[in-house]
Amino acid sequence: MTLQDETGNNKLKFAQSVILGSIVVALLIPALTILAELMAPFKDWLKNNFNHHWIGKGVISVIVFVGIYALGFVVPYKPSLERINRSIFILITLVLIGVLVIFGFFSYEAFLK
Amino acid sequence: MNSLFLNALVWHILLGIAAIVAFAGLQLLLRGKELNIRMIKIFSLLGFLGFLGSWIFGGYYYVAYYGKAVKSQILKSADPWAHNILMESKEHVFLFLPFLAFVVFILVNLLPKDVIENEQFRKSLSLLCFVIVALGIIITLSGIGISGSVVAGKP
């Protein structure tokens, strides 16, 4: 593999890892949101450790994003633009599902519970 | 509300709207026949920084002022759903935006050649920008609804 190929591969891998980190965050945000509402001790833990539960969710999301990004960069695999296109589509789908889950959960809590 | 909180709220709104405009512009740039990669990179940076700034200013206002002074006012009003649904959803959905904006920023800056050469990649990026803009508009409208409920609830 030439140096140019390797640089190109590293760029693709970097990009893929950033998307992968965001995909996990897209799953994490609704999960943390609902968990904190349903489990008071978890919400208290967030408040006690991060001053506010919302800050806690943001900080945890950033930490997990960085962790998954690093993992995605270290784990050996062959990155490609096709894989990146697929990952963007997965990310968009999960974000839209996450938005509906969050909105649906708070609507249920406000009107139906 | 003191001037510090007022400034935080104003900058939260201004930077958020600037970011939405930047990503709407970026989507248009990606659909152009002749791509201006320099402008695409600049718009992606502005959009990302806009959401980052909006997150920080909005977060400060929300944590330090909203919860103590505004939330109780809305909950006592005729429209408690403005907090229970709109604000609760808005504050959590917003968390997606800086990450999505960062993804776009990284992709256009790291893979500009692919942005030019690969139509499918351009379409994926354009769709991602559209989602960012749509979520940004939904969050903005929620903010307007929340502010409206506060104004309507005042004697």
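By convention in this document, chain letters (A, B, ...) are assigned in the order of the sequence lines, proteins followed by strands, and residues within each chain are numbered from 1.
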Given A/Val99, A/Ile88, A/Asn51, A/Leu81, the one with more heavy-atom pairs under 4.5 angstrom with chain B than any other is A/Leu81
Whatever's closer than 4.5 Å to a heavy atom in chain A on B/Leu111 counts as side chain
Are A/Phe14 and A/Tyr69 near enough that their ring centres are under 6.0 Å apart? yes
Test ring-ring contact (aromatic ring centres under 6.0 Å, His included), reference B/Phe48, set B/Phe99, B/Phe102, B/Phe23, B/Trp55, output is B/Phe102
The interface call for A/Phe65 against chain B, heavy-atom contacts under 4.5 Å, is side chain
Centroid-centroid under 6.0 Å between B/His12 and B/Tyr62 rings:
no
So, the part of B/Leu107 with a heavy atom under 4.5 Å from chain A: the answer is side chain
- Cationic N near anionic O, under 4.0 Å, A/Arg86 to A/Glu82: no
Greatest number of non-hydrogen atom pairs under 4.5 angstrom with chain B, of A/Glu37, A/Lys57, A/Glu109, A/Lys11, falls to A/Lys11
Step through the shown structure and confirm whether more than 12 heavy atoms of other residues, nucleotides or ligands are within 6.0 Å of CZ on B/Phe130.
no
From the list B/Lys113, B/Glu91, B/His92, the residue making the most non-hydrogen contacts under 4.5 Å with chain A is B/His92
Applying a strict 4.5 Å limit to non-hydrogen atoms, the region of B/Ile138 in contact with chain A is neither
Cut-off 4.5 Å, heavy atoms of chain A, and the answer for B/Val103 is both
Scanning both residues in full, the closest heavy-atom pair of B/Ala19 with B/Gly47 reads CB-O, 3.4 Å
When the 4.5 angstrom heavy-atom criterion is applied to A/Ile102 and chain B, the contacting part is both
Counting heavy-atom pairs under 4.5 Å with chain A, the top scorer among B/Leu110, B/Asn84, B/Leu86 is B/Leu110
Bottom line for B/Leu95: the part with an atom under 4.5 Å from chain A's heavy atoms is both
Greatest number of non-hydrogen atom pairs under 4.5 angstrom with chain B, of A/Leu91, A/Val62, A/Asn85, falls to A/Asn85
On a heavy-atom basis, the closest approach of B/Ile20 and B/Ile137 is CD1-N, 3.9 Å
When every non-hydrogen atom of A/Ser61 is compared with those of A/Leu32, the smallest separation belongs to OG-CD1, 4.4 Å
Whatever's closer than 4.5 Å to a heavy atom in chain B on A/Phe111 counts as side chain
> According to the interplanar angle, ranging from 0 to 90°, do the rings of B/Tyr61 and B/Phe5 count as parallel (below 30°), tilted (30 to 60°) or perpendicular (above 60°)?
Replying inline: perpendicular
Bottom line for A/Leu96: the part with an atom under 4.5 Å from chain B's heavy atoms is side chain
